Amino acid sequence: GNPNAFDTVITSTLDMIQEFKLWTTGLPAEFGHASGGLLSGVFKSGTNQFHGSLEDRYLNGNLVHRQYFDQLKRCQNALNICNPFTYHEMGATAGGPVYFPGLYSGKDKTFFFAGIQRHHEKVSETFIGTVPTPEMYQGDFNFGGVGLPIYDPDTTVQNAAGAWVRDRFPNNRIPLSRFDPVARNLLGRNPWKQQTVTPILTPNGPTNNLVVPTKGRYYFTRIDAKIDHQFNPNHKIFGRYSHMRHRSLTRPANEPAWELVNPIWTVPADQLNAVISDTYTINPTTINEVRLGFNRRRRNKLPPTQDQDWAKQLGIPNVSAATFPEFRPKFYNLGPEGRDQQVSEDLSFQNNLTRIIGTHTLKAGYEVIRTRYNSLVASLPSGLYNMGGTELPFTPNTGNSFASLLLGTVSSAQFTQATATWLPRWWSHSWYLQDDYKPLRNLTFNMGVRWSYESPFSTKYGQQSQFD
């Protein structure tokens with residue numbers, strides 16, 4: 001996976017890692033589900049002595065030079081118009097024998113090791129974008145004389161030649177009295193930021209009239225804990241639990257001033273990983289390991305506008321109260337869209353047997369995985385409205401979609417409703433045999449074979465069908 005995809009790939013506390021190994025190609029048969037690029041790590045274990053660590057990797061924004069094309073300088077806070085920058089990578093670990101006074105002493109038998117790490121980052125660059133001009137809010141689409149002509153959809157008629165025609169708005173200006181009540185209610189909430197620089201005017205409207213710092217916020221916490229127990233020198237077991245808690249704002253859209261309808265908001269993601277491993281040394285050349293594993297990832301996108309009946313608040317009657325109405329084209333990144341939820345779980349069982357015979361190290365094993373997905377796809381039951389009507393019918397280079405928004409003229413609309421959650425489930429089975437043959441001290445042959453089978457998925461409750 002992509003290690004930078006912090007909302008889908010689980011990472012551990014850095015100081016919990018004892019060692020790691022990277023395979024680029026030619027993976028051992030023991031490992032499946034990837035053709036290359038595999039990273040295998042070993043977590044630290046506690047000892048008879050208590051040990052711990054505490055650190056903060058801090059980067060001072062005043063020492064970080066801005067990028068070449070950034071117009072705004074770096075700063076440590078956002079009191080001025082600048083690009084704020086803060087970076088902390090804080091972590092702590094602790095380990096030792098499990099000890100309960102008067103009840104249990106784990107010396108030489110039971111040990112713990114735990115760690116926590118917090119990634120705290122505020123970063124931004126200069127954003128150059130586009131927002132409506134003050135003139136557009138007044139219905140003026142002249143754009144210094146270069147604006148495309150806009151037409152009144154209420155005057156649509158068919159002339160004697162059979163062509164559909166409309167009257168042009170005088171001076172490319174829509175009277176304020178013609179503004180639709182929905183548009184008035186929307187503009188009354190100041191949805192977009194005010195322009196900060198003089199725009200470049202084009203026939204379609206202004207461009208590059210907003211220069212502001214972006215707002216990248218990345219906050220996630222990693223928690224790991226491991227317990228080791230030794231029944232005897234030949235029989236050992238450990239259990240580990242890892243949790244990555246992601247509460248990042250990532251990078252919101254920069255044009256909206258009304259944060260409630262920003263299409264990017266904090267999307268909570270929780271990733272859990274747990275494992276229990278039992279290792280038994282049968283004899284000096286034979287070792288068997290039994291392992292149980294569990295992974296769970298949950299991401300829930302819940303817009304702050306969900307179930308707030310914003311369609312009614314804006315003046316759109318007789319539609320669902322679930323979502324914020326979506327106006328298209330997506331005007332200057334306005335609209336949080338709908339709710340969706342993704343949950344995935346994997347429960348695995350492995351048995352690995354290792355046998356050393358002379359210069360051969362043989363390893364064989366079996367793995368079974370049960371995978372479950374719960375997927376709720378975003379829908380827009382309150383409507384997606386494609387704005388149009390200010391163009392001259394069947395004539396290119398006419399009309400303006402923002403002018404259509406002010407008039408409230410909709411060329412088409414869509415209403416979608418999630419009636420079920422997609423719930424696929426399937427099994428995966430794998431067998432493997434690996435032989436690492438070392439005929440010479442500086443020569444090793446790695447030979448292996450792996451057989452894998454993944455069953456067709458079936459959905460819980462049988463809610464999926466298709467037609468050929």
Side-chain angles (χ1 to χ4, degrees), residues 1-3 9-47 111 113 224 226-242 273-295 346-371 427-455:
N2 178 7
V9 177
I10 188 169
T11 57
S12 65
T13 305
L14 295 179
D15 288 338
M16 285 287 294
I17 301 298
Q18 177 74 36
E19 62 181 69
F20 70 90
K21 188 173 184 179
L22 176 65
W23 285 275
T24 54
T25 56
L27 299 181
E30 174 185 0
F31 302 107
H33 320 292
S35 58
L38 179 71
L39 185 67
S40 174
V42 177
F43 281 75
K44 292 179 181 178
S45 298
T47 65
F111 312 94
F113 200 86
D224 301 277
K226 183 183 180 185
I227 297 289
D228 292 86
H229 180 73
Q230 178 176 270
F231 297 102
N232 57 58
N234 294 329
H235 190 190
K236 300 177 181 179
I237 190 172
F238 79 80
R240 176 184 55 79
Y241 173 80
S242 298
N273 175 264
V275 63
I276 297 175
S277 176
D278 184 284
T279 303
Y280 184 71
T281 303
I282 301 172
N283 58 53
T285 61
T286 309
I287 301 173
N288 190 77
E289 180 200 22
V290 178
R291 181 184 293 253
L292 288 172
F294 177 73
N295 290 294
D346 298 287
L347 181 63
S348 64
F349 168 83
Q350 292 179 339
N351 190 87
N352 303 299
L353 179 66
T354 304
R355 180 71 186 272
I356 300 174
I357 305 175
T359 56
H360 293 266
T361 300
L362 301 173
K363 193 169 186 179
Y366 167 74
E367 177 187 48
V368 59
I369 302 175
R370 175 63 168 173
T371 302
W427 292 92
S428 301
H429 299 269
S430 301
W431 295 88
Y432 76 90
L433 175 64
Q434 177 78 25
D435 181 9
D436 296 326
Y437 173 47
K438 194 171 186 179
L440 301 174
R441 182 173 58 86
N442 58 350
L443 177 64
T444 302
F445 293 97
N446 305 112
M447 299 168 288
V449 60
R450 183 182 180 92
W451 176 87
S452 298
Y453 169 76
E454 186 172 296
S455 71

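Worth saying up front: this structure is predicted, and the values here are computed from it rather than measured.
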field: Expected output: side-chain S455 to main-chain W427 donor-acceptor under 3.5 Å
entry: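 Yes: the side chain of S455 pairs with the backbone of W427.
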
field: Heavy-atom donor-acceptor pair, K363 side chain to E30 backbone, under 3.5 Å
entry: no

- request: Quick one: list whatever passes side-chain contact (heavy atoms from CB on, under 4.5 Å) with N288, sequence neighbours left out.
  value: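 Applying side-chain contact (heavy atoms from CB on, under 4.5 Å) to N288 gives I282, V290, N351, L353.
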
Identify every side-chain donor-acceptor pair in residues 14-22 under 3.5 Å, counting partners at least two apart or on other chains, and give the distances.
none

query: Do D224 and F113 touch side chain to side chain, with heavy atoms closer than 4.5 Å?
result: no

query: I357 versus T285: any side-chain heavy-atom pair under 4.5 Å?
result: no

- request: Could you tell me how the ring of W431 sits relative to the ring of Y366: parallel (under 30°), tilted (30 to 60°) or perpendicular (over 60°)?
  value: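 Rings of W431 and Y366: tilted, as their planes differ by 30° to 60°.
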
- prompt: Where is the tightest heavy-atom contact between A29 and Q434, given as atom of each residue plus distance?
  reply: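 Minimum heavy-atom separation between A29 and Q434: N-OE1, 2.8 Å.
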
query: Which atom pair, heavy atoms only, marks the closest approach of W23 to S40?
result: CZ3-CB, 3.4 Å

- request: Could you verify whether a donor N or O on one side chain and an acceptor N or O on the other, from E367 and S348, lie under 3.5 Å apart?
  value: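 Result is no, nothing qualifies.
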
Distance-only side-chain donor-acceptor flag, S45 / D228, under 3.5 Å: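 Yes, because at least one side-chain N or O of S45 sits under 3.5 Å from a partner of the opposite role on D228.
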
Within this structure, what is the [atom1]-[atom2] distance for the pair [X] and [Y], rounded to the nearest 0.5 Å?
{"X": "H360", "Y": "K438", "atom1": "NE2", "atom2": "NZ", "answer": "13.5 Å"}
{"X": "L292", "Y": "Q350", "atom1": "CG", "atom2": "CD", "answer": "9.5 Å"}
{"X": "R291", "Y": "D278", "atom1": "CZ", "atom2": "CG", "answer": "11.0 Å"}
{"X": "S430", "Y": "W451", "atom1": "OG", "atom2": "CH2", "answer": "7.5 Å"}
{"X": "Y437", "Y": "T444", "atom1": "OH", "atom2": "OG1", "answer": "10.5 Å"}
{"X": "F111", "Y": "H229", "atom1": "CZ", "atom2": "NE2", "answer": "10.0 Å"}

message: Run I276 and I237 through side-chain contact (heavy atoms from CB on, under 4.5 Å) and show every step you take.
response: CA-CA 7 Å; I276 297 175; I237 190 172; 4.1 Å; yes

task: Determine, step by step, whether D435 and F445 satisfy the side-chain contact (heavy atoms from CB on, under 4.5 Å) criterion, reporting the C-alpha distance in whole Å, the side-chain angles of both residues, the deciding distance to 0.1 Å, and the verdict.
output: CA-CA 8 Å; D435 181 9; F445 293 97; over 6 Å; no

task: From the options T371, D346, N273, select the one residue that forms a side chain to side chain donor-acceptor pair (under 3.5 Å) with N295.
output: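 Of the listed options, the one satisfying the test is N273.
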
task: Might you confirm whether atom CG of L433 has over 12 heavy atoms from other residues, nucleotides or ligands at distances under 6.0 Å?
output: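 Check passes, neighbour count above 12.
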
